[in-house]
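Predicted model only: the values in this text are computed from it and were never measured.
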Amino acid sequence: MIKIIVDSTCAPSEDYVKENGIYVNPLRILFEDKEYIENDSLYDEIYDKMSQTKEIPQTSQPSLESFIEMYNEVIEDGNEAIVFTLSETLSGTYNCACLAKRNCKDPSKITVFDTQSIGQTSIGYVYETVEMIKKGKTVEEIVKYISKLRKNSAITFIPESFDNLKKNGRIGNLKAVVASLLKIKPIVLFKEGVLSDKKSIGYSKAIMDMIKQVPQKIKRLFVIKAGKPSYFPEFKQKVLDYFKGIKILEGTVSPVVGAHVGPSIGLAWVAE
C-alpha cells in the first residue's frame with residue numbers, strides 16, 4: 001500500500017490526516033520563551049502570539065531522525081511512501097527528507113517529492129494523490145501526474161501590511177513607508193520554487209489582479225488566510241462571486257508560512 005508523508009506546512013486538518021492515514025512531520029516555531037510543534041490545533045495560539053510581538057519567530061525543519069523513523073515504520077508495515085515537502089528553495093526540509101531516505105531500511109520504498117510550493121497548493125497535491133491511490137495507481141503514475149500539475153500550480157498572498165516583509169528584509173523601511181502612504185498592495189506569488197511579486201494600488205485592484213492569475217484548467221482552488229486579516233470575509237465573498245460554479249475550499253496557512261508574510265489573504269490552486 002502507498003502511504004503519504006507530509007511536513008506540517010502542508011497544513012492538513014487532523015481529521016483528514018486520521019481518515020487517510022497520513023504521516024505528518026512537524027516543523028517548529030521558536031519564540032524567546034517557548035517552542036511550538038506546529039499542528040492545526042495550535043494555529044490560533046501561535047498566530048495570537050505573533051500579533052503580540054514585534055519579533056519574527058524562528059522556524060526549524062524536522063529532524064533527520066524523525067523522517068527516518070517514519071520511513072522505517074512504513075517499510076516495516078510492508079508499505080511504500082510518497083513524501084511531500086515544502087519547496088527546497090524555502091527550507092532544508094526537502095534535503096533532510098532525501099538524506100533520511102538514504103539512511104532508512106529500504107530506500108527503494110520511499111519517494112521524496114519537492115512540491116516547489118507550500119501550504120494549500122501542497123495539500124491540493126495530497127488530495128489528488130489520495131484519490132489516485134484509491135484508484136490503484138502506482139507511485140510512478142502518481143508522481144508523473146503531480147509533476148505535470150506542479151507546472152501550473154501556485155500560491156499567492158496579499159499581505160495586510162508591509163511589517164513582516166520589512167522585518168524579513170524583503171523591503172526597506174523607506175519603501176515600506178512610501179508604499180503604505182500610496183496604498184500600494186504587494187501581490188506575492190510562489191510558483192515552481194520561485195518567489196515573485198507585483199504591486200497594485202488598493203485592495204480591490206490587488207484582489208482582481210490576484211484572481212486573474214488563476215489559470216482556466218483549475219482542479220483545486222483554495223481561498224486562504226494567514227493569521228486573522230480583517231479583510232478576509234469581504235475577500236472570500238469576492239472570490240466566491242467571481243468563481244461561481246467552482247468548488248472553493250477555505251484554509252489557513254501554517255504559522256511557519258504566516259511568520260514570513262504576516263496577516264494576509266490569498267489564493268492557492270492546483271491546475272492542469
Side-chain angles (χ1 to χ4, degrees), residues 1-29 36-47 59-63 66-67 69-71 73-74 77 79-88 90-91 93-94 96-97 100 110-134 137 139 142-143 145-146 149-150 153-155 157 190 219-227 247-261 264 266-271:
M1 184 176 179
I2 301 172
K3 305 298 288 186
I4 297 172
I5 299 173
V6 301
D7 68 63
S8 59
T9 64
C10 191
S13 70
E14 290 186 5
D15 289 342
Y16 189 79
V17 165
K18 291 177 182 177
E19 180 183 345
N20 295 284
I22 296 171
Y23 292 77
V24 181
N25 204 355
L27 279 76
R28 288 170 167 76
I29 298 176
Y36 293 87
I37 297 174
E38 187 177 60
N39 67 75
D40 71 342
S41 66
L42 293 176
Y43 279 15
D44 285 343
E45 181 181 347
I46 298 173
Y47 273 122
T59 60
S60 63
Q61 67 194 44
S63 69
S66 63
F67 272 120
E69 183 179 343
M70 287 183 178
Y71 295 174
E73 182 176 335
V74 168
D77 288 341
N79 299 315
E80 54 186 329
I82 301 176
V83 186
F84 292 96
T85 74
L86 74 159
S87 179
E88 181 185 8
L90 295 178
S91 167
T93 302
Y94 170 76
C96 182
I110 305 297
T111 300
V112 183
F113 187 87
D114 178 0
T115 66
Q116 296 183 357
S117 191
I118 201 166
Q120 276 66 28
T121 303
S122 298
I123 196 63
Y125 297 149
V126 173
Y127 291 164
E128 293 290 326
T129 299
V130 167
E131 290 187 0
M132 295 183 76
I133 290 172
K134 291 177 179 177
K137 302 296 183 181
V139 169
I142 293 169
V143 169
Y145 181 63
I146 301 300
L149 293 179
R150 187 173 58 182
S153 303
I155 188 167
F157 299 96
F190 192 67
K219 290 186 67 65
R220 312 265 179 182
L221 180 61
F222 301 82
V223 57
I224 59 176
K225 60 182 177 180
K247 182 180 179 180
I248 298 174
L249 302 172
E250 181 179 336
T252 300
V253 298
S254 80
V256 166
V257 182
H260 296 284
V261 297
S264 305
L267 294 172
W269 61 85
V270 172

Donor-acceptor pair, N25 side chain versus I5 backbone, under 3.5 Å?
no
Return yes if some donor-acceptor pair links the side-chain N/O of D77 with the main-chain N/O of N79 below 3.5 Å, else return no.
no
Is there side-chain contact between [X] and [Y], with at least one heavy-atom pair below 4.5 Å?
X    : Y    : result
T115 : Y94  : no
Y125 : R150 : yes
I4   : I133 : yes
Y71  : V83  : yes
P62  : L27  : yes
E38  : T9   : yes
F67  : T93  : yes
C10  : V126 : yes

What is the ring orientation for Y47 with Y43, classed by angle as parallel under 30°, tilted 30 to 60°, or perpendicular over 60°?
perpendicular
Of all heavy-atom pairs between A154 and T121, which one has the smallest distance, and what is that distance?
O-OG1, 2.8 Å
Within a 6.0 Å radius of atom CD on E69, are there more than 12 heavy atoms belonging to other residues, nucleotides or ligands?
no
Between S41 and N39, does a side-chain hydrogen bond (donor to acceptor under 3.5 Å, both in side chains) hold up when you go through it step by step?
CA-CA 6 Å; S41 66; N39 67 75; 2.3 Å; yes
